[in-house]
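Everything below concerns the one structure shown next.
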Amino acid sequence: MTTAAGSKWRSLLCESSQLQLKATLLGGQSFRWKNYKSTGKGQSEDASGEFIGVFANIVWLLRQTERELQYRIVGEQLYPNAASTNAAQAPVNSETPEGKNNLAEVWMKVPEPKEFAKDSELLYPAAHYEQLLRIYFRLDVDLEQHYRKWIECHDHFANSAHRFYAVRQLDQDPVENLFSFICSQNNHITRISDLVEKLCTNYGDKICDHEGTTYWNFPSVEALANGAVEGRLRELGFGYRAKYIQGSAAKILSLGGLEWFRRLTELDYKAARTELIGLPGIGPKVADCVCLMSLNHLQAIPVDTHVFQLAKHYLSGLGNKTQAVTDKQYVLVADKFREIYGPYAGWAQTVLFCSDLRQFKDRNENRAPPGDKAVPVPKKKAKKGN
DNA sequence: TCCTTACCTCC
DNA sequence: GAGGTAAGG
């Protein structure tokens with residue numbers, strides 16, 4: 001059920017001032033995107049401007065121009081649950097109420113392809129892929145408007161925004177999101193990516209081969225709950241995270257699997273967070289990552305040691321020596337961010353987080369493109385020092 | 001309730 | 001030590 005790798009480039013309208021692919025895809029939200037260097041492309045070291053990655057059981061190639069987001073389907077498979085859920089009654093391009101538009105929910109409603117007139121070499125009509133991209137990048141949200149607001153909220157954002165334009169909060173698959181962030185504890189991005197890749201190659205299904213690389217989807221909860229998983233993951237170098245992965249998978253199954261995740265999107269933020277912390281290996285930080293990145297709770301603030309350092313822009317008296325973030329400090333910092341930035345505080349924090357990543361530091365390429373006048377250079381506005 | 005420490009592995 | 005968590009004081 002794979003697609004010929006030769007499928008053509010398609011596009012949807014999307015101003016480059018609304019989306020910066022690089023920082024959005026490589027900034028630590030998802031660990032499955034890579035800079036794409038086509039083998040045929042000669043001297044393209046790092047600057048092809050194309051990214052390859054997987055979501056919704058599709059291998060995507062993405063790039064952008066000033067006016068368009070362009071995509072190419074490298075390979076695809078049916079969503080595994082498409083046939084077994086109440087598929088048919090959800091036309092792909094129906095309007096979904098704002099705030100309820102979760103990727104996993106859409107996947108669970110993906111109709112079977114035979115219900116469509118086939119469009120060229122792909123499984124679905126172009127409108128389907130377009131909708132997946134709109135959901136994944138939350139393209140319905142006017143990001144420039146939020147930037148303007150956040151700039152007014154605090155100097156710290158104003159000083160970072162012009163260096164980091166158009167970082168979008170992805171709306172990810174909760175399964176991939178949760179298990180990826182279990183892997184993230186005490187690790188940096190490259191090793192997290194390696195571990196996530198190992199999960200996929202060992203427990204995922206193959207999607208396709210492309211230019212000598214095999215692409216896999218993210219494993220199902222069932223696959224990760226199997227009794228042999230912990231031992232195998234230890235062999236593969238997951239360390240103490242191995243037990244958390246299998247244990248969380250097993251518990252999620254006992255709670256209802258994907259249906260349990262769906263319920264969490266309907267609960268309010270605090271309730272969803274509490275549920276998540278009930279899983280082994282999930283503490284406050286990972287729970288907030290999942291709330292923010294795949295359960296549509298945009299007020300969640302994941303406070304890691306890094307964010308904790310940033311928080312000293314806002315709060316005095318956090319102490320200079322402490323290494324570990326205590327629960328009390330965590331709540332203090334998260335509440336402060338929400339107080340300053342409002343209901344989309346988590347998104348604002350993602351932008352700030354990106355702007356402080358070493359890999360992105362002092363790079364002009366992260367500035368808004370020359371033609372972009374939408375996000376004004378910071379004005380001023382004193383609000384510091386609480 | 002609040003705060004330390006061990007934990008796997010890689011760099 | 002690293003973008004944390006769970007166990008124990």
Side-chain angles (χ1 to χ4, degrees), chain A residues 23-33 160 164 167 169-170 172 176-199 202 229-252 273-294 300-313 315 317-335 337 345-361:
Chain A
T24 301
L25 295 177
L26 305 182
Q29 299 187 56
S30 165
F31 302 98
R32 301 211 65 197
W33 291 95
S160 301
F164 266 81
V167 177
Q169 186 69 56
L170 297 174
Q172 301 184 252
E176 174 183 328
N177 186 217
L178 186 147
F179 290 101
S180 295
F181 278 85
I182 288 179
C183 296
S184 78
Q185 50 187 103
N186 274 319
N187 276 144
H188 47 281
I189 290 179
T190 40
R191 192 159 112 87
I192 301 164
S193 302
D194 288 346
L195 294 180
V196 169
E197 186 66 16
K198 284 179 188 171
L199 286 181
N202 282 274
V229 166
E230 179 184 347
R232 175 71 179 138
L233 291 182
R234 279 197 174 263
E235 289 172 12
L236 290 168
F238 282 71
Y240 58 86
R241 303 166 194 84
K243 181 176 49 174
Y244 297 153
I245 289 170
Q246 192 199 313
S248 280
K251 185 149 185 189
I252 289 168
R273 185 178 191 272
T274 304
E275 288 274 305
L276 286 166
I277 290 176
L279 300 178
I282 309 279
K285 192 269 183 180
V286 173
D288 276 330
C289 285
V290 177
C291 282
L292 172 64
M293 299 177 182
S294 61
I301 308 285
V303 181
D304 55 30
T305 52
H306 204 190
V307 171
F308 187 65
Q309 296 308 314
L310 289 182
K312 292 174 179 168
H313 292 250
L315 290 163
L318 285 178
N320 286 329
K321 340 193 163 188
T322 38
Q323 294 299 66
V325 183
T326 68
D327 276 358
K328 190 180 175 184
Q329 291 171 321
Y330 191 111
V331 173
L332 212 57
V333 169
D335 283 346
F337 265 92
W347 191 328
Q349 188 267 98
T350 294
V351 178
L352 294 173
F353 180 84
C354 259
S355 77
D356 213 57
L357 275 180
R358 168 163 262 162
Q359 60 189 136
F360 291 140
K361 273 231 155 115

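Throughout, protein chains are lettered first and strands after them, A, B, ... in sequence-line order, and every chain is numbered starting at 1. No hydrogens, no waters, no symmetry mates; every other heavy atom, side chains included, goes into these values.
Side-chain proximity of A:Asn186 to B:dC7, B:dC3, C:dG3: nearest is B:dC7.
Nucleotide C:dG4 holds its P atom 13 Å from the NE2 atom of A:His188, rounded to whole Å. To the nearest angstrom, P of B:dT9 lies 12 Å from CG of A:Asn187. We find that CG of A:Leu276 is positioned 15 Å from C1' of C:dG4, with the value rounded to whole Å. Rounded to whole Å, the distance from CD on A:Gln329 to C1' on B:dT4 is 13 Å. The distance between atom CD of A:Gln349 and atom C1' of C:dG3, rounded to the nearest whole Å, is 11 Å. As a whole-Å value, the separation of A:Ile182 CD1 from C:dT5 P is 10 Å. Taking atom CG on A:Leu357 and atom P on C:dA2, their separation rounds to 15 Å, with Å as the unit. The distance between atom CG of A:Asp327 and atom P of C:dG9, rounded to the nearest whole Å, is 18 Å.
Between the side chain of A:Trp347 and the backbone N or O of A:Leu292 there is no donor-acceptor pair closer than 3.5 Å. Judged by distance alone, with hydrogens and angles left aside, the side-chain atoms of A:Gln29 form a donor-acceptor pair with the main-chain N or O of A:Leu170 at under 3.5 Å. At least one donor-acceptor pair closer than 3.5 Å links the side chain of A:Tyr330 to the backbone N or O of A:Pro284.
Paired regions of DNA chain C, where each region holds three or more successive Watson-Crick or G-U pairs whose two hydrogen-bonding distances fall under 3.5 Å, are B:2-7 with C:4-9.
Residues A:Ser294 and A:Glu176 have side chains not in contact (no heavy-atom distance under 4.5 Å, counting atoms from C-beta outward). Using a 4.5 Å heavy-atom cutoff, the side chains of A:Leu279 and A:Ile252 are in contact. The closest side-chain heavy-atom distance from A:Ser180 to A:Arg32 is not below 4.5 Å.
A:Phe181 and A:Phe31 have their aromatic ring centers within a separation under 6.0 angstrom.
Along DNA chain C, the nucleotide closest to A:Pro280 and the one closest to A:Cys289 are compared, and the more 5′ of them pairs with A:Cys289.
Heavy atoms of A:Val286 sit under 4.0 angstrom from primed sugar atoms or phosphate atoms, though from no base atom. Among the heavy atoms of the strands lying under 4.0 Å from A:Leu279 are primed sugar atoms or P, OP1, OP2 only; no base atom is included. Within 4.0 Å (heavy atoms only), A:Pro284 reaches sugar-phosphate atoms of the nucleic acid but no base atom. At the heavy-atom level, A:Ile189 lies under 4.0 Å from base atoms of the strands shown.
Between A:Thr326 and B:dC3, a side-chain N or O to OP1/OP2 separation shorter than 4.0 Å is present.
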Exercise for the section: Could you walk me through whether A:Val307 and A:Gln349 pass the side-chain contact (heavy atoms from CB on, under 4.5 Å) test, one step at a time? Expected result: CA-CA 8 Å; A:Val307 171; A:Gln349 188 267 98; 3.7 Å; yes
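Between the P atoms of C:dG1 and B:dT5, the separation comes to 13 Å (whole Å).
For the segment residues 231-249 of chain A, the set of residues with a heavy atom within less than 4.0 Å of an atom of DNA chain B comprises A:Arg234, A:Gly237, A:Gly239, A:Tyr240, A:Arg241, in numerical order.
A:Asp327 CG: 12 or fewer foreign heavy atoms inside a 6.0 Å radius. Annotation for A:Lys198: atom NZ counts as buried by contact number, over 12 foreign heavy atoms lying within 6.0 Å.
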